[in-house]
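One structure is given here, and the rest of the page talks about it.
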Amino acid sequence: PPADVDRGAARWYPSGEMRRIRKPAVAGTFYPASRRELERFVSGAMATDQARQKAVAVVSPHAGYVYSGRTAGAVFGRVVVPDTVVVLGPNHRGWGPPCALADHDAWETPLGEIPVDGDFSRRLLSRTSLLEPDAAAFVAEHSLEVQVPFIQHANPDARLVAICLS
């Protein structure tokens, strides 16, 4: 990525801990930047009278919500979202390594932060040489970010593992 692109904000917390937070890149363009508007959209798109089912994997579109948000909401509204969610998405810009694993501590959306499952991420890295920890691949990538509000709404306790593929 260009040198002037923010690769993830480091933030100090009252405990003295410093965490790397992946800031929203497409809030306000691909989906609402307002917490209230985003919550209203996500809850409406996920509304269903059908029981949620357990799923090993789902396929969800990643365009702006005006184009595919209702479809993504229908997908997430039909499944039980587990406590650890692995999200795979394409790398539209080609920044970073070909198989990048987000090395942030959390991702932020207008709905708040979702922590990264660091233990799961470390286990993945220890079991394959294909993945590389990275932040650059995720800086401006929308494909994964647009999934996160649905995950946050469906399971507020969820943790994220984000993988970006070129």
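For the single chain, residues carry numbers from 1 onward in sequence order.
Under the 4.5 Å side-chain contact rule for hydrophobic residues, Ile163 and Val139 do not share a cluster. Two different hydrophobic clusters hold Ile21 and Val116 under the rule that ILVMFWY side chains link at heavy-atom gaps under 4.5 Å. Residues Ile114 and Val26 fall within the same hydrophobic cluster, defined by Ile, Leu, Val, Met, Phe, Trp and Tyr side chains chained together at heavy-atom separations under 4.5 Å. Cluster membership for Val79 and Val148, using ILVMFWY side-chain heavy atoms within less than 4.5 angstrom, is shared. Leu88 and Phe30 are not part of a single hydrophobic cluster, where members link through side-chain heavy atoms under 4.5 Å apart.
Under the ring pair (Phe, Tyr, Trp, His ring centres under 6.0 Å) criterion, no residue pair touches residues 111-136, with sequence neighbours excluded. Under the side chain to side chain donor-acceptor pair (under 3.5 Å) criterion, the residue pairs touching residues 65-80 are Gln50-Arg78, with sequence neighbours excluded. Counting only residues at least two apart or in different chains, salt bridge (charged side-chain N to carboxylate O under 4.0 Å, His left out) contacts with residues 51-67 are absent. The salt bridge (charged side-chain N to carboxylate O under 4.0 Å, His left out) analysis of residues 25-36, with sequence neighbours excluded, yields no pairs.
Considering only residues two or more places apart in sequence or on other chains, Leu125 meets the side-chain contact (heavy atoms from CB on, under 4.5 Å) condition with Leu101, Leu131, Pro133. For the side chain to side chain donor-acceptor pair (under 3.5 Å) test, residues two or more places apart in sequence or in another chain that qualify with Gln147 are Ser60. With sequence neighbours excluded, no residue forms a salt bridge (charged side-chain N to carboxylate O under 4.0 Å, His left out) with Arg123. With sequence neighbours excluded, the residues forming a side chain to side chain donor-acceptor pair (under 3.5 Å) with Thr109 are Gln152, listed by chain and number. Contacts of His153 classified as ring-ring contact (aromatic ring centres under 6.0 Å, His included), with partners at least two apart in sequence or in another chain: none. By the side chain to side chain donor-acceptor pair (under 3.5 Å) test, Arg93 is found to be paired with no residue, residues two or more places apart in sequence or in another chain being considered. Here Glu145 pairs with Arg22 under the salt bridge (charged side-chain N to carboxylate O under 4.0 Å, His left out) rule; sequence neighbours left out.
You'll find the side chain of Leu144 reaches within 4.5 Å of the side chain of Cys164, heavy atoms only. Phe138 places none of its side-chain heavy atoms less than 4.5 Å from the side chain of Trp95. Side chains of Leu165 and Asn91 form no contact here, defined as non-hydrogen atoms less than 4.5 Å apart. The side-chain heavy atoms of Leu38 and Tyr31, taken from C-beta on, include a pair separated by under 4.5 Å.
How far CD of Glu113 is from CD of Glu108: 5.5 Å, rounded to the nearest 0.5 Å. Atom-to-atom distance recorded for Glu39:CD and Ser34:OG is 10.5 Å, nearest 0.5 angstrom.
When all heavy atoms of Ala45 and Gly69 are compared, the closest pair comes out as CB-O, 3.9 Å. The two residues Phe150 and Ala72 have their closest heavy-atom pair at CE1-CB, 3.7 Å. Gly94 approaches Ser166 most closely through the heavy-atom pair CA-OG, 4.2 Å. Shortest non-hydrogen contact noted between Val58 and Ala55 is CG1-CB, 4.2 Å. Here the shortest heavy-atom pairing between Ala158 and Pro115 reads O-CD, 3.7 Å. What you find for Pro32 and Pro110 is that their closest heavy atoms are O-CG, 3.7 Å.
Although no hydrogens or angles enter the test, the distance criterion places a donor-acceptor pair under 3.5 Å between the side chain of Ser143 and the main chain of Pro90.
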Which atom pairs, donor and acceptor, lie under 3.5 Å between side-chain atoms of residues 80-87 and protein residues at least two apart or in another chain?
from, atom 1, to, atom 2, distance (Å)
Asp83, OD1, Asn155, ND2, 2.9
Thr84, OG1, Asp117, OD2, 2.6
Thr84, OG1, Arg159, NH2, 2.9

